Amino acid sequence: MSEYIKSTLANLPLKVHSLHSFSFYWPNLPNIQFLAASFQGQNNLPTRNPRAFVTFAFLLFLLFWKDIIRDVCSHVATRRLPVPVVEVSPIRNNTLGYEQFQNIFVLSLPERGDRRTPLLAAANATNLTLTVLDAIRDRQIPQSDWPQWWGTNNWVPKEGELGCLMSHVRTWRKMIHENISTALIMESDVDWDMRIKDTMVGVGDGVKAVADWPFPDPQHPRDFSKELSPYGDKWDLMWIGHCGINADGNGRIYAFNDSSAADEDHAWNFGERPAEGHRPPGTRIVFQPRKTVCTTSYAMSLAGARKFEKLFKQANSPIDLKLWDHCEHDQTTRCVGTWPQVISMTESKTNIKHTGGGLSFGHEVTEERIVAGNAIQISARVNAHLGLADKGPMRWKSEWANGEKKKEETDDEVINDSD
C-alpha cells in the first residue's frame with residue numbers, strides 16, 4: 001500500500017525489514033605524536049602508568065567528544081530504525097494486473113475529443129495506460145453484420161444503440177483474434193477514484209472468492225499463484241462500472257474495507273442496488289450480479305469474449321440488457337459485479353438519442369464540463385483538470401467529506417426547516 005494513500009484495505013498487511021547493522025567503529029583520530037617523558041628504567045609509553053593513561057584518555061575525550069558521541073548515536077539509531085517494505089501487488093501496475101490487463105480499451109467516437117481529453121488526463125493522473133478504439137455509428141454497420149434478431153420482438157432500438165453494441169462486439173473479436181487473455185473495456189464518459197489501484201486489489205480477492213464458489217476439495221487447494229490473472233481464471237465477465245446492480249441472488253457476497261467506496265448517502269444508480277444489509281459500512285462488495293444495467297466499464301476474459309461474441313450474433317436488445325440476461329440465466333457463464341461501482345459515468349452529452357434529444361441522467365446536456373463521476377469521491381478527472389494529481393492526497397479535491405450528506409438532501413432539509 002502506498003504510504004501516502006490512506007486506504008483501509010484489510011488484506012494488505014504492512015511488512016517491515018530492518019537494516020543490516022553496521023560494524024561498530026570509533027572515529028578516525030588524527031595522527032598526533034605525544035612527547036614521552038623520560039623515566040629511567042621504564043618504557044616511555046603512558047600506558048605503564050595507570051594514572052597517566054586515565055589522564056591521557058580523558059584528554060582525548062575532551063578533544064574529540066563531539067565526534068565520538070555523534071557517531072555512536074548515529075550507529076545505534078541506524079540499527080533500530082525499521083524500514084517499511086511494501087508488498088507490491090501485480091494489480092498496481094499501469095493496466096491493473098500482471099500482463100493480462102495489458103490492455104485497457106476505451107471505446108470513443110473519433111470526433112468526441114471533448115470526452116477523450118479529460119479521460120486521458122485522468123489516466124495520466126493515476127498512471128494507467130489506455131488504448132483508445134474508435135467506436136462506430138449505426139450507419140457504418142452494413143445490415144449483413146447486424147445481429148440476427150435486431151429490432152424484432154416488438155422492440156424498437158434507439159438511434160445509437162446498434163453502434164454501441166457493435167463497438168463492444170468488435171472489441172471482443174479483437175481479443176479473440178489477438179489472443180488477449182483479459183481486457184478492461186470502458187466507455188469514454190467515465191471517471192474513477194484516485195485510489196483505484198488499491199481498490200482493485202480488494203476486487204481481485206473478491207473475484208477469486210466469488211467466481212470459485214463452491215471451493216474445491218480442501219485437501220487439494222487451488223494454487224492462485226499459477227494462474228494467469230491476479231483476479232483468478234474462472235470468471236467470464238467482471239462488471240465494475242454500471243448504473244445499477246442487484247445482489248439478491250443465491251451466490252456469496254465478499255466484502256472488503258475500502259475508504260474510496262461511497263457510503264449509501266453518496267452511492268448512485270438509476271437501476272437497482274443491493275438491499276440494505278448486504279454491504280457493511282466502509283466496505284465494497286463483490287458478488288454474482290443480477291439486473292445490471294449500463295456497460296460503463298467491465299473486464300472480459302478470453303473465454304467470456306468467445307461466449308458473448310457468439311451469443312450476440314442473435315442479439316435482440318441493447319448490449320447491457322443482453323449481458324444482464326445471459327449472466328443471470330446461463331449457468332455456464334460466470335459473472336461478478338461490484339457495489340458501489342469502481343468506475344462511474346459522468347454527466348455528458350450522449351450519442352444515443354432518447355425521447356426529447358440527447359439526455360443524460362434525465363435532462364439534456366448541451367455543454368461538456370469537467371465534473372466528477374457519480375459516487376466518485378476523489379475524482380481522477382477533476383484532480384487532473386485542476387493540476388492537483390501530483391500534489392499528494394492532502395491537496396486532492398474531494399467531492400464530499402466523510403459523514404456529509406448529499407447537497408440536494410441538505411437543501412431539502414433547509415427548506416423543510418424554514419417551513
Side-chain angles (χ1 to χ4, degrees), residues 105 107 141 145-158 160-177 180-187 203 206-208 210-214 229 231-253 269-274 286-339 341-343 352:
F105 292 126
L107 305 182
I141 306 168
D145 289 344
W146 288 14
Q148 184 177 356
W149 306 115
W150 189 256
T152 62
N153 198 26
N154 297 320
W155 168 68
V156 179
K158 297 182 180 69
E161 286 182 332
L162 177 61
C164 176
L165 182 146
M166 292 307 298
S167 296
H168 285 269
V169 171
R170 292 202 320 174
T171 306
W172 307 339
R173 290 173 180 168
K174 177 180 177 67
M175 291 180 63
I176 297 168
H177 178 72
I180 298 173
S181 297
T182 61
L184 182 62
I185 302 168
M186 64 176 67
E187 295 174 349
V203 171
V207 170
K208 287 183 285 191
V210 171
D212 261 344
W213 187 256
S229 168
Y231 305 98
D233 289 342
K234 292 196 173 183
W235 55 275
D236 295 303
L237 186 146
M238 186 195 309
W239 222 323
I240 65 172
H242 50 76
C243 351
I245 199 167
N246 192 296
D248 289 338
N250 297 321
R252 56 199 320 240
I253 294 176
N269 66 291
F270 64 65
E272 296 199 20
R273 66 171 66 188
V286 183
F287 50 89
Q288 294 175 358
R290 297 179 62 239
K291 300 181 180 179
T292 313
V293 291
C294 297
T295 49
T296 306
S297 182
Y298 61 91
M300 185 79 78
S301 69
L302 181 57
R306 288 174 174 148
K307 290 179 183 178
F308 286 114
E309 193 275 337
K310 182 178 181 180
L311 173 73
F312 271 72
K313 290 179 179 178
Q314 298 179 336
N316 62 346
S317 61
I319 179 173
D320 55 342
L321 301 186
K322 189 68 174 176
L323 289 173
W324 155 9
D325 180 68
H326 196 64
C327 284
E328 191 167 334
H329 298 108
D330 187 340
Q331 298 301 314
T332 66
T333 301
R334 298 229 178 173
C335 301
V336 290
T338 63
W339 176 259
Q341 56 269 74
V342 179
I343 296 177
I352 296 179

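Values in this document were obtained by computation on a predicted structure and should not be read as measured data. Quick note: residue numbers are just sequence positions, from 1.
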How long is the span from the [atom1] atom in [X] to the [atom2] atom in [Y], to the nearest 0.5 Å?
X	Y	atom1	atom2	value
T296	Q341	OG1	CD	7.5 Å
K291	N246	NZ	CG	6.0 Å
L302	T182	CG	OG1	9.0 Å
I245	I240	CD1	CD1	11.0 Å
R252	Q288	CZ	CD	9.5 Å

Ignoring hydrogens, what is the shortest heavy-atom contact between [X] and [Y]? Give both atom names and the distance.
X	Y	value
V286	V210	O-CG2, 3.5 Å
M166	D145	CE-O, 3.8 Å
S297	I343	OG-CD1, 3.4 Å
L184	M186	CD2-CE, 4.0 Å
E187	T295	OE2-OG1, 2.6 Å
M175	M300	CE-O, 3.2 Å

Within a strict 4.5 Å, meaning less than it, do heavy atoms of the [X] and [Y] side chains meet?
X	Y	value
Y298	T292	no
C335	W239	no
P157	L162	no
E161	L165	no

Without swapping roles, check the side chain of [X] against the backbone of [Y] for a donor-acceptor pair under 3.5 Å.
X	Y	answer
H242	T338	yes
W146	I141	yes
S301	W235	yes

(request) Could you give me the CA-CA distance, side-chain angles and deciding distance for F105 and K174, then say whether side chain to side chain contact (heavy atoms under 4.5 Å, CB included) is met? (result) CA-CA 11 Å; F105 292 126; K174 177 180 177 67; 3.7 Å; yes

Can you give me every donor-acceptor pair (side chain of residues 314-327, partner residue at least two apart or in another chain, under 3.5 Å) with its distance?
unit_1 : atom_1 : unit_2 : atom_2 : d
Q314   : NE2    : Q148   : OE1    : 3.2
D320   : OD2    : C294   : N      : 2.8
W324   : NE1    : E328   : OE1    : 2.7
D325   : OD1    : H329   : ND1    : 3.0
H326   : NE2    : D330   : OD2    : 2.9
H326   : NE2    : T333   : OG1    : 3.2

(request) Please work out which of the three classes, parallel, tilted or perpendicular, describes the rings of F312 and W172, given edges at 30° and 60°. (result)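 Judged by the thresholds at 30° and 60°, the geometry between W172 and F312 is perpendicular.
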
